[in-house]
Amino acid sequence: MSIEPDQLYKIRHSLAHVLAMAVLEVFPEAKLAIGPPVDNGFYYDLDLPRALSPEDLPDIQSRMEKIVAQKLDFTVSEHSIEEALKDFADQPYKKELIEDLAAKGEKTVTYYTSGTFFDLCKGPHLANTSEVPKACFELSHAAGAYWRGDEKRPMLQRIYGICFESRDAVKTYKAQVEEAKKRDHRKLGVELDLFTFSDLVGSGLPLWTPKGNILRLLLDEYVWNLRRGYGYERVEIPHITKKDLYEKSGHWEKFQDELFHITTREGHEFVMKPMNCPHHTQIFARRKWSYREMPQRYSNTTMCYRDEQSGELTGLSRLRSFTQDDAHVFCRYDQAQSEILNVLNIIEQFYGRFGFTLKARLSFHDPENMGAYLGDAATWEKSESELKALVEQKGLDYFVGIGEAAFYGPKIDFMASDSLGRPHQVATVQLDMLMPGRFGLTYTGESGQEEPVLMIHVAIMGSIERFLSVLIEHLAGNFPYWLAPTQIAVLAVSDQFNGAAEELAQKLRTDGLRVVVDTSAESVGKKIRTASLQKIPGKIVVGQQEVDSAKDAEMTFKVNWRTDLAEKYSEGPYTAQNLIQDVPSAV
RNA sequence: GCCCUUGUAGCUCAGUCGGUAGAGCAUUUCCAUGGUAAGGAAAAGGUCACCGGUCCGAUUCCGGUCAAGGGCUCCA
């Protein structure tokens with residue numbers, strides 16, 4: 001049943017051609033761009049006389065099926081550039097591709113022909129469409145895409161198809177997509193009442209509910225608890241600044257269009273901060289430092305604002321206002337290693353706690369393109385080999401990303417794989433050999449002279465919002481006991497036990513648990529269902545039995561734990577005191 | 001920002017070929033006093049996203065704006 005990856009690639013690529021053939025039946029005047037295979041199928045970009053709507057796809061798909069059923073051969077042939085330009089005279093996009101190939105020194109190009117259709121293509125393809133497995137593909141959607149990915153060039157129409165090795169594999173894929181939809185953080189955000197958006201406030205500006213804010217505060221507290229052990233100190237900064245700060249840092253020139261601008265009544269220009277590092281440099285710059293006082297480690301969880309293009313905003317993943325769990329370490333160059341090691345420890349502990357698999361990307365400079373970076377090659381290579389040594393020392397799974405460095409220094413970026421195996425970029429550690437210089441940051445060395453400062457940018461979650469979007473989907477909203485916005489639901493069997501339920505809840509709350517009581521006029525079954533749908537970790541039912549247990553001692557009760565916690569915690573019986581002692585709920 | 005799709009009650013959705021709208025859940029009240037995933041009844045709840053145009057009349061048709069979704073482009 002299983003199919004070689006090469007064969008699947010050919011099936012997808014060949015179906016892209018079949019797709020173009022089907023579209024040409026409907027729109028003979030269509031101009032073809034490109035049609036490659038992708039991870040989950042294929043697509044074709046075309047310039048069409050009218051916009052496609054979803055209703056067009058079934059017709060195109062059934063035409064594709066008919067074409068496949070014709071058992072067409074794919075044959076390859078070689079042609080001179082001149083010939084190709086003539087053959088594709090009325091296909092401007094193909095012509096451009098041919099001209100580019102010619103410019104690269106190609107003398108000939110290849111066509112793949114299937115039936116009456118031929119396309120400029122380097123292959124490979126199936127020998128015959130009869131090799132396409134039954135029901136292995138499905139047109140999924142149409143979307144716009146710029147010609148050659150350039151926003152200044154025409155917008156083409158892209159038709160996507162999914163394609164796998166068999167009908168069952170297509171079904172499996174669609175089931176995975178469904179599963180991902182169920183745990184989509186935008187959906188769970190509403191269902192679990194974590195955050196909301198308002199048209200009056202604006203897009204990309206999330207509002208956090210009481211429950212959602214508990215998550216934010218606890219995650220931040222957790223990061224802070226990890227940091228404080230390494231000598232970090234918390235600082236605070238205003239959310240706006242004169243533009244002078246960014247002129248000096250160099251961000252103004254590059255990013256001024258993406259900033260929110262404020263003009264005061266006196267005509268002074270301010271901006272909302274898009275990042276925190278320049279502010280933090282000014283805290284460091286307030287006085288002179290001895291080498292003995294280094295490093296200075298400033299931690300600051302704070303909101304940043306970027307005027308993103310409206311089309312880029314999605315859920316909590318990309319926002320106009322977002323909270324960075326930012327930290328900047330100002331240190332001596334000889335302190336970089338131990339400081340980074342500390343950060344790696346924090347990252348490992350933090351992500352390990354949630355069951356993410358981490359992979360580090362060493363984001364290095366591209367030696368072929370030194371113009372894009374500041375500083376000399378020797379400094380870059382030294383710091384990069386140090387980063388690599390550290391990552392190896394920690395035994396982290398890593399790969400090197402050439403050309404992924406920031407212009408001011410190399411980075412270690414972390415990718416977390418979630419429970420569905422999807423990678424997300426999360427934490428980042430960046431060496432900055434540039435900004436301290438721009439702001440003239442120094443410390444006084446042993447011999448009394450001014451020494452250059454190295455700055456290390458660190459974000460553990462990156463942004464709380466984006467991390468939460470990843471975490472919600474990773475856990476499908478089943479937050480661990482310590483993090484759950486509501487930890488325990490106390491459910492009264494009937495209204496005569498409302499008092500006992502309230503009393504128990506109050507005891508648990510006094511000790512810091514987050515508890516709700518359900519005293520509504522509903523059946524126990526209904527109360528269980530409601531609490532379960534809210535994914536509350538523990539449920540306690542209070543009725544005659546529990547009240548009787550309290551006759552000569554403290555009330556005892558059982559806790560019905562959420563499925564994923566049932567193995568971890570005993571169901572009891574507990575007293576309020578035991579529950580608080582035996583089940584760790586602190587950060 | 002660009003292309004396409006969508007916007008009806010707090011949520012999920014019907015519906016009106018142009019004559020100002022309906023269900024389930026949630027909410028409120030009443031009945032029931034119920035032991036581990038939906039007990040029963042009633043009520044209330046909508047400027048049909050917003051603004052403009054056509055029309056005797058627009059939630060419905062047209063245009064614009066805003067917002068959401070799928071892509072493209074971008075991401076310090």
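No hydrogens, no waters, no symmetry mates; every other heavy atom, side chains included, goes into these values. The chains referred to below are lettered A, B, ... by the order of the sequence lines, with proteins before strands, and numbering in each begins at 1.
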Nearest heavy atoms of Arg562(A) and Phe479(A), plus distance in Å | NH2-O, 2.7 Å
Contact string for nucleotides 41-51 of chain B, one letter per nucleotide 5' to 3', B = base within protein heavy-atom range under 4.0 Å, S = sugar-phosphate only, - = neither, reads -----------
Can you find a donor-acceptor N/O pair under 3.5 angstrom joining the side chain of Glu522(A) to the base of G40(B)?
-> no
First locate atom CZ of Arg12(A), then atom CZ of Phe164(A), and finally report the distance between them rounded to the nearest 0.5 Å.
-> 5.5 Å
Distance-minimising heavy-atom pair for Ala143(A) and Tyr160(A) = CB-CE1, 4.3 Å
Mind checking whether Tyr569(A) and Tyr481(A) have ring centres under 6.0 Å apart?
-> yes
Gap in Å between the two P atoms, one belonging to A49(B) and one to A21(B), rounded | 14 Å
Any side-chain N or O of Ser310(A) less than 4.0 Å from the OP1 or OP2 oxygen of G1(B)?
-> yes
Roughly how far, to the nearest 0.5 Å, is CD1 of Ile262(A) from NE2 of His239(A)?
-> 11.5 Å
Distance test, side-chain N/O of Ser523(A) to OP1/OP2 of G39(B), below 4.0 Å | yes
Has Lys211(A) got more than 12 heavy atoms of other residues, nucleotides or ligands less than 6.0 Å from its NZ?
-> yes
Footprint string (nucleotides 70-76 of chain B, 5' to 3'): B base within contact, S backbone only, - free, heavy atoms under 4.0 Å | BBBBBBB
